[in-house]
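Data first, discussion second: the structure below is written as structure tokens.
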2 protein chains.
Amino acid sequence: MVRRASHEGEPSVSLSEGKGLPPAVVARLTVYLRALNSFLADDVDRVSSDALAEASGVSSSTLRKDLSQLGSYGTRGVGYEVENLLTHLSVAMGLTRDWRVAIVGAGNLGRALARYGGFETRGFDVVALLDTDPQIIGNEIGWLRVSDAANLEAVFERTRTNMAVLALPASAAQFVCDRVVAAGVRSILSFAPTILQVPPGVTLRKVDMATELQILAYHAQRGESGGETGQPSAGAPEAVDVAPADIQPPADTRPADMPPPAD
Amino acid sequence: MVRRASHEGEPSVSLSEGKGLPPAVVARLTVYLRALNSFLADDVDRVSSDALAEASGVSSSTLRKDLSQLGSYGTRGVGYEVENLLTHLSVAMGLTRDWRVAIVGAGNLGRALARYGGFETRGFDVVALLDTDPQIIGNEIGWLRVSDAANLEAVFERTRTNMAVLALPASAAQFVCDRVVAAGVRSILSFAPTILQVPPGVTLRKVDMATELQILAYHAQRGESGGETGQPSAGAPEAVDVAPADIQPPADTRPADMPPPAD
DNA sequence: TAGATTGTTAATCGATTAACAATC
DNA sequence: TAGATTGTTAATCGATTAACAATC
């Protein structure tokens, strides 16, 4: 392990390149990003590790350790500049390039995702929506017209898709997944309730509603007697429990993320 | 730590009661459940830890360690009885009681969830769908009629709701969450892209599409050069990568989980 | 300078893996 | 009995926490 005096905000090669960040850290960085955006929206321009940690629901120890893996972006005795840190985190997370997302499957879920505006504000462009059902192909949903999944490769090429979201039934998932991979997409988010196989070099993440409910069931059953509070999500860290009401995110001004209002 | 010769399949109080299972274990149990169901559907009635582990994407060491936390449900030299293990896992996860789920918010996402049949097959009954929009209240969606969220407490009581799914915009989330908690619900799954505060004794889990995409972005950016494969989900374990094609889940007969076909 | 807060180290804690004795 | 496979231990690995020296 190379020890070296970190000069200024240089990425300090420690882990940054060599091995990549631990998954737990990557998950937390997304939380910090959200918290920082919230501070930015409130015109706060400097935060201490204590304040940011509290807003993110982690210990300040963990926060500082996480940030120090990326480089030295704070100032001792002062704190972190919100905008500056935001920039550095975005770069570290790879959010500065263009991400063009295709949603494969225009069933209920696919349509809900397509209409959801939250991706764009986070820097992800939904560029295509595909399905195999003739009744659905050609329909306009959100800002998109549904393409024929038969032309998946052509659509991906035309739209320069580099991320895919699978909103498919389990039965079709592996087949379509293989095709998406063959088309050159290396980042896939699956909502299909089945275990998918992807070759090395392809990153697959999975979201499963039923799994989430099962985990809730476990805690509820246990919590029956004593009080228990669970949490984690998406491999992401937490900010649950009693948490001090004073740092409460301020009504979330800028449209944050997911589900649209009741239409 | 109390050491004791575990007699047969007795829950061996070790951790089962005292402290609860580690979160990582709980997440993996849901994966084992799915794999076991798949075996059951194929009329396989016995599995070795090796086979089940492979189907679940974990090491057999991890699998056996996990299962042994619940009790001794296998037979040395033989393996595990699929149906028997399934029962024990279901009990451990609290899936034997009635779970009645209300979906709060009937926007695109809420409607998609309501129409999705996958919950029922996993033992979760969707009993209510609520919204505040007069244009939506009263509409029939899936098997449900949309209730007025103004009567949330009454609806919850009538339907004996004990789990809530929040499919709301960030701006309304905390307010509604508080009301849901006040109504006595202690298990909440939120799709709102904001950090929610809940009192102790309430379990909150969060699913956030944008977070998932950001994590994908991180890996994609890194994977550029060398091959990298990410994975985890919902705090859940994995089964990714090259994985041997021979144990591939058999086309998933019984409807597994989430998104419905393209309508 | 005095006060504040970072970046980093060392200690603790928890989770995973490998190996094997127990036992069907 | 011989072969197989669990349940469990000990070793490794990684992540979190606490504490503090460095430094603005």
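Every heavy atom of this structure was used, including side-chain atoms; hydrogens, water molecules and symmetry mates were not. Computed from a prediction, not measured in an experiment: that's the story for all the values here. Just so we're on the same page: letters track the sequence lines, and every chain starts at 1.
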Over how many whole Å does the gap from A:Leu70 atom CG to C:dT6 atom C1' extend?
15 Å
If you pin A:Thr62 and A:Gly77 to their nearest nucleotides in DNA chain D, which one's is more 5'?
A:Thr62
Taking the basic N atoms (NZ, or NE/NH1/NH2) and the acidic carboxylate oxygens, is any pair closer than 4.0 Å for B:Arg46 and B:Glu81?
no
Any strand counts, and the cut-off is 3.5 Å on both contacts for Watson-Crick or G-U wobble. Which nucleotide pairs with C:dA21?
D:dT6
4.5 Å side-chain heavy-atom contact, A:Leu52 and A:Val58:
no
Nearest-neighbour nucleotide for the A:Arg28 side chain, D:dT5, D:dT16, C:dA15 considered
D:dT16
In this structure, how many angstroms lie between the P atom of C:dA19 and the NZ atom of B:Lys65, rounded?
16 Å
Are side-chain heavy atoms of B:Leu189 and B:Leu166 found at a separation under 4.5 Å?
no
Expressed as a whole number of angstroms, how long is the span from A:Leu63:CG to D:dT16:P?
12 Å
Closest approach to the side chain of A:Pro22, judged atom by atom: which nucleotide of D:dG7, D:dA15, C:dT8 is it?
D:dA15
Taking atom C1' of C:dG3 as reference, at what distance in whole Å does atom CG of A:Asp50 sit?
15 Å
Less than 4.5 Å apart, any side-chain heavy atom of A:Leu70 and any of A:His88?
no
Minimum-distance nucleotide to A:Pro23 side chain [options: D:dA15, D:dT17, C:dT17]
D:dA15
Distance, rounded to the nearest Å, where B:Glu81 contributes CD and C:dC24 contributes P
15 Å
Taking A:Asp42 for its side chain and A:Val44 for its backbone only, find out whether a donor-acceptor pair lies under 3.5 Å.
no
side-chain N/O B:Ser59 vs C:dT17 OP1/OP2, d < 4.0 Å
yes
Does B:Tyr73 place a side-chain N or O at less than 4.0 Å from the phosphate oxygens OP1/OP2 of D:dT5?
no
Output the rounded distance in Å from CZ (B:Arg64) to P (D:dT6).
6 Å
Taking donor-acceptor contacts at under 3.5 Å, does the side chain of B:Arg76 reach the base of D:dT6?
yes
Looking at every strand, decide which applies to A:Ser61 at a 4.0 Å heavy-atom threshold: base, sugar-phosphate, or nothing.
base
Answer yes or no: does a side-chain N or O of B:Tyr80 lie under 4.0 Å from OP1 or OP2 of D:dG7?
yes
What does C:dA11 pair with, Watson-Crick or G-U, if both distances are under 3.5 Å?
D:dT16
Protein-nucleotide distance (A:Leu67, atom CG; D:dT16, atom P), rounded to Å
14 Å
How long is the line joining CG of B:Leu21 and C1' of C:dG14, in whole Å?
14 Å
Want to settle it: does B:Ser49 or A:Val25 sit nearer the 5' end of DNA chain D, counting the closest nucleotide to each?
B:Ser49
